Number of protein chains: 2
Amino acid sequence: MLSVEEALALVLETATPLPPATAGLAEAAGLVLAEDVPADADQPPFDKALMDGYAVRASDVVEAGRPLRLAGTIHAGEVAAGALGPGEAAAIMTGAPMPAGADAVVMVEHSEERDGAVRLRPPRAVAPGQNVLGRGRVYRLGDRLLAAGDLLTPPRIGLLAAVGHAKVRVVPRPTLAIVPTGDELVEPDQVPGPGRIRNSNAAMLAAVAIGRGLAPRVGPIAADEPAVLAQALAEGLESDVLLVTGGVSAGRKDLVPAALESRGVRQVFHKVAMKPGKPLWFGSGPGRGDRPGTLVFGLPGNPLSGLVGFLRFVGPALGRLAGRPEADETVPARLAADCTQHGDLTHFRPAALASPPGEAGEPAAIELLDSVGSADVLAAARADGFAVLPPGDRVFRRGEIVRFLPLR
Amino acid sequence: MLSVEEALALVLETATPLPPATAGLAEAAGLVLAEDVPADADQPPFDKALMDGYAVRASDVVEAGRPLRLAGTIHAGEVAAGALGPGEAAAIMTGAPMPAGADAVVMVEHSEERDGAVRLRPPRAVAPGQNVLGRGRVYRLGDRLLAAGDLLTPPRIGLLAAVGHAKVRVVPRPTLAIVPTGDELVEPDQVPGPGRIRNSNAAMLAAVAIGRGLAPRVGPIAADEPAVLAQALAEGLESDVLLVTGGVSAGRKDLVPAALESRGVRQVFHKVAMKPGKPLWFGSGPGRGDRPGTLVFGLPGNPLSGLVGFLRFVGPALGRLAGRPEADETVPARLAADCTQHGDLTHFRPAALASPPGEAGEPAAIELLDSVGSADVLAAARADGFAVLPPGDRVFRRGEIVRFLPLR
């Protein structure tokens with residue numbers, strides 16, 4: 001059986017970045033840029049006042065206390081009518097262009113204006129360039145400011161706006177569909193009859209996707225009937241990622257793998273050496289024009305199995321589709337108590353944060369939660385994530401550092 | 001002048017959680033619950049098979065190798081027609097209810113079915129309860145499963161679905177409006193004339209809000225004219241949080257504080273001992289029926305000032321409105337090189353991650369970026385966040401741990 005690491009490598013090998021698309025800036029936030037972006041002008045485009053005060057010629061104010069003749073006012077967005085002559089000052093506002101001839105700004109707090117004359121209070125020397133940002137000091141026309149592959153953080157969105165890229169080429173947000181299956185399921189707003197339970201997985205998995213900025217399409221519960229299933233899967237295969245919950249273990253009505261294969265979805269693997277989540281099924285659908293084939297995850301119906309499957313495999317696949325560099329979604333954490341690990345499966349144990357990271361940088365402490373198994377939604381509901389215990393028989397000691405897969 | 005900590009305390013004192021509202025589960029993901037949620041039934045609601053295989057009476061299979069009579073099949077969602085008699089087995093699928101009389105499930109992989117009889121292969125003993133999750137083992141009818149104040153993580157959304165709460169009372173997501181001001185600004189899709197620049201702040205601040213799951217309303221650029229500004233602010237004051245960019249420093253057209261006060265917004269503070277971002281203005285609008293007054297942040301027009309102001313003050317305020325416990329948004333980080341800090345302001349220095357957290361849990365290393373000041377959008381665009389250097393004159397040494405405010 002594949003190890004977690006082997007299975008993850010296969011998922012990342014199968015997933016490829018989506019073809020670029022054009023997006024507005026609000027839509028582009030958090031996505032990966034798919035083009036290089038040059039500066040369309042010097043920044044700032046003019047020598048710019050950094051303070052409210054008076055534009056002056058620094059050489060004029062070397063002699064402390066000498067008054068300067070007030071020669072006008074320049075607001076942000078305006079341009080000075082003329083050059084500043086010797087012995088003159090112009091009132092100037094933050095962000096306004098410096099008048100020709102001026103080379104420094106005296107802060108309003110350090111000056112006094114009376115009868116058309118400006119004095120420094122208290123008298124002081126002024127250095128050329130003081131409180132002025134020279135034209136092109138941030139960047140120059142033609143500089144490459146951003147490159148394809150850059151993640152669009154908020155300041156990068158601001159930079160795109162600054163250079164006039166109100167629309168931009170990005171690797172788009174993947175689309176995701178969820179198809180819940182199983183004759184035992186009823187929708188959350190229904191009362192389950194004998195032998196039935198409510199469908200909690202679809203809402204839970206949708207919540208993980210929503211937390212990652214996606215807008216998942218959740219289908220109705222598909223009955224364990226080949227024709228019903230085939231129709232539901234056909235709709236799901238229009239998305240970049242399809243999560244099918246239930247129907248992937250070894251039972252007689254576990255029809256999902258066969259139904260997927262009949263729709264041209266090629267199995268990449270089935271079963272991973274992990275607990276919970278062992279019956280995980282993964283495959284790749286047929287190409288869709290310029291878009292790659294749908295990545296299909298058959299997640300076991302037990303809630304913790306589905307959740308761990310999403311966090312460990314679907315999340316990294318979504319990152320790859322979105323063009324992000326591979327990121328380790330686990331973080332180090334200290335165990336708050338001893339624990340024992342047995343067997344040849346990687347265990348994902350529900351765990352709660354017991355203490356935050358230390359001031360000196362020690363990682364957060366986590367406490368493993370009692371759980372009655374992969375159907376234990378209550379353990380998952382109390383968890384902040386999962387401690388990842390690699391295969392093998394051993395005792396992990398209190399204080400030992402393990403990997404922790406946060407719920408996010 | 002207020003310190004950063006004093007200003008933040010005032011912001012958090014002024015912000016109060018929004019009144020509860022009803023939301024569907026997709027909308028509720030990531031919000032805080034505003035009601036207690038009890039179990040509406042035992043979970044599981046019946047003794048449940050955890051594996052595909054055969055339901056048996058454990059006492060029948062103590063004698064290794066003895067064949068059992070196949071008495072039917074129970075799929076998930078079905079109920080057994082009758083009780084399992086001595087010497088009988090029923091095929092059963094994961095998630096199906098156990099038939100009366102049966103107390104264990106033999107995995108399909110450990111058994112062989114032929115001619116209407118089931119044998120264990122290889123022969124083995126079966127313990128009562130094996131591969132069965134007893135009724136009510138996860139929770140019992142009436143147990144309090146979730147409490148008001150709980151953050152709705154994905155498994156908690158699943159739990160709400162499991163107990164039939166397709167709609168739930170939550171502290172709603174705050175609404176946020178952005179009003180950009182300044183005669184020097186043109187929209188990102190326009191070419192700035194002399195003395196003008198594009199409005200990059202609104203797109204940048206909107207991106208921070210979008211990254212936190214909000215849907216900001218960005219207004220058009222409001223000119224530095226009292227009537228225009230008053231109208232723009234009136235619309236902005238319909239939201240729970242209003243960000244006004246520009247117009248809060250000491251210039252002659254810095255009309256924002258007066259315009260806000262004329263609309264009943266009470267100033268809480270103006271100016272914070274920080275760099276960048278010193279001219280930050282904060283106030284609270286008049287109450288709006290059952291909703292508290294709008295929290296109004298006047299953010300300086302320089303991009304880094306606005307960004308730091310959002311991360312340090314607006315973010316925590318949004319958390320408080322959404323009913324979250326106060327969270328330190330900074331994390332520890334190691335300095336990758338020496339750096340010097342001067343003066344009585346808290347400095348927020350753009351910094352990039354230089355190396356990830358260590359395997360043994362050492363915090364990430366950060367590198368401070370050269371910057372020409374608060375207009376340096378390029379430094380911000382290269383940053384992963386801001387190193388927070390407290391006031392005072394001192395040298396911070398390579399390897400020293402400081403607080404780091406990540407961009408998110």
Side-chain angles (χ1 to χ4, degrees), chain A residues 25-26 29-30 52 75-79 93-95 97 108 133 137-139 153-159 161-162 164 166 182-184 188-189 194-196 198 200 203-204 206-208 210-211 249-253 301 303 307 332 357 360-363 372 375-378 380-381 401 407, chain B residues 25-26 29-30 52 75-79 93-95 97 108 133 137-139 153-159 161-162 164 166 182-184 188-189 194-196 198 200 203-204 206-208 210-211 249-253 301 303 307 332 357 360-363 372 375-378 380-381 401 407:
Chain A
L25 295 185
D52 298 317
H75 291 108
E78 296 179 352
V79 179
M93 304 307 138
T94 303
V108 67
L133 187 62
R137 280 293 308 286
V138 177
Y139 52 76
T153 60
R156 288 177 180 161
I157 293 289
L159 190 54
D183 284 340
E184 75 277 27
D189 59 359
R196 300 193 160 212
R198 293 193 186 92
S200 60
M204 176 185 70
V208 186
I210 290 166
S249 51
R252 298 192 186 174
K253 281 201 178 172
L307 181 58
E362 312 87 350
V372 297
D376 195 342
V377 284
L378 203 53
I401 306 283
L407 268 188
Chain B
L25 295 185
D52 298 317
H75 291 108
E78 296 178 353
V79 179
M93 303 307 139
T94 303
V108 67
L133 187 61
R137 279 295 307 285
V138 177
Y139 53 75
T153 61
R156 288 176 180 162
I157 293 289
L159 191 54
D183 284 341
E184 76 276 27
D189 59 359
R196 301 194 159 212
R198 293 194 185 92
S200 61
M204 177 186 69
V208 186
I210 289 165
S249 50
R252 299 193 185 174
K253 281 202 178 169
L307 182 58
E362 312 87 351
V372 298
D376 195 341
V377 284
L378 203 53
I401 306 283
L407 267 187

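Just so we're clear, the structure is a prediction, and the values are computed from it rather than from any experiment. Numbers restart at 1 for each chain; the letters A, B, ... are given by sequence-line order, proteins then strands.
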**Student:** For Ala162(B), which atoms come within 4.5 Å of any heavy atom of chain A: side chain, backbone, both, or neither?
**Tutor:**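 Contact with chain A: backbone and side chain both.
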**Student:** Only pairs of heavy atoms separated by less than 4.5 Å count here; which of Ala380(A), Gly164(A), Ala375(A) has the most with chain B?
**Tutor:**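 Ranked by heavy-atom pairs under 4.5 Å with chain B, first place is Gly164(A).
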**Student:** Is chain A contacted by the side chain of Pro97(B), its backbone, both, or neither, given a heavy-atom distance below 4.5 Å?
**Tutor:**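 Contact with chain A: side chain only.
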**Student:** Taking side chain as everything from C-beta outward and backbone as N, CA, C, O, which of these in Val79(A) sits under 4.5 Å from a heavy atom of chain B? Side chain, backbone, both or neither.
**Tutor:**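 For Val79(A), the side chain is the part near chain B, not the backbone.
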**Student:** For chain A, which candidate among Arg196(B), Met204(B), Arg137(B) shows the most heavy-atom pairs at distances under 4.5 Å?
**Tutor:**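 Top count of heavy-atom pairs under 4.5 Å with chain A: Met204(B).
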**Student:** Side chains of Leu307(A) and Leu407(A): closer than 4.5 Å at any heavy-atom pair?
**Tutor:**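 Counting from C-beta outward, Leu307(A) and Leu407(A) do come under 4.5 Å.
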**Student:** Most heavy-atom pairs under 4.5 angstrom with chain A, which of Pro194(B), Ala166(B), Gly158(B)?
**Tutor:**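 Top count of heavy-atom pairs under 4.5 Å with chain A: Gly158(B).
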**Student:** Tell me, please, which residues at least two apart from Arg156(A) pass side chain to side chain donor-acceptor pair (under 3.5 Å).
**Tutor:**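 Expected list: none.
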**Student:** If you look at every heavy atom in Ala76(A) and Asp183(B), which pair is closest and at what distance?
**Tutor:**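 For Ala76(A) versus Asp183(B), the nearest heavy atoms are O-CB, 3.8 Å.
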**Student:** What are the two closest non-hydrogen atoms of Pro154(B) and Ala207(A), and how far apart are they?
**Tutor:**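 Smallest heavy-atom distance, with atoms named: CA-CB, 3.8 Å.
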**Student:** Between Pro303(B) and chain A, with a heavy-atom cut-off of 4.5 Å, which part of the residue counts as in contact: side chain, backbone, both or neither?
**Tutor:**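 It is neither, since no heavy atom gets under 4.5 Å.
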**Student:** With rounding to the nearest 0.5 Å, note down the distance linking CD in Glu78(A) to CD in Glu184(B).
**Tutor:**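 Result: 10.5 Å between the selected atoms.
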**Student:** For residues Ile157(B) and Leu25(B), report the shortest heavy-atom separation together with the two atoms involved.
**Tutor:**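 Here Ile157(B) and Leu25(B) meet closest at CD1-O, 3.6 Å.
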**Student:** In terms of heavy-atom proximity below 4.5 Å to chain A, should Leu378(B) be classed as side chain, backbone, both, or neither?
**Tutor:**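 Its backbone and side chain both get close to chain A.
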**Student:** Is chain A contacted by the side chain of Pro363(B), its backbone, both, or neither, given a heavy-atom distance below 4.5 Å?
**Tutor:**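 Contact with chain A: backbone and side chain both.
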**Student:** So, using side-chain contact (heavy atoms from CB on, under 4.5 Å) as the criterion, who are the partners of Ala26(B) when residues are at least two apart?
**Tutor:**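 Partners of Ala26(B) under the side-chain contact (heavy atoms from CB on, under 4.5 Å) test: Ile210(A).
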**Student:** Give the member of Gly182(B), Ala203(B), Gly195(B) that has the highest number of heavy-atom pairs under 4.5 Å with chain A.
**Tutor:**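 Winner by heavy-atom pair count: Gly195(B).
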**Student:** Specify which of Leu133(B), Thr153(B), Leu159(B), Val372(B) makes the most heavy-atom pairs with chain A at under 4.5 Å.
**Tutor:**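 The answer is Val372(B).
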**Student:** Looking at Val138(B), is its backbone amide N or carbonyl O close enough to the side chain of Asp376(A) to form a donor-acceptor pair, meaning the two atoms are under 3.5 Å apart?
**Tutor:**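 Answer holds: no.
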**Student:** Counting only non-hydrogen atoms closer than 4.5 Å, does Val208(B) touch chain A with its backbone (N, CA, C, O), its side chain (CB onward), both, or neither?
**Tutor:**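 Val208(B) touches chain A through backbone and side-chain heavy atoms alike.
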**Student:** Counting heavy-atom pairs under 4.5 Å with chain B, which one of Pro332(A), Ala29(A), Ser200(A) comes out on top?
**Tutor:**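 The candidate making the most pairs under 4.5 Å is Ser200(A).
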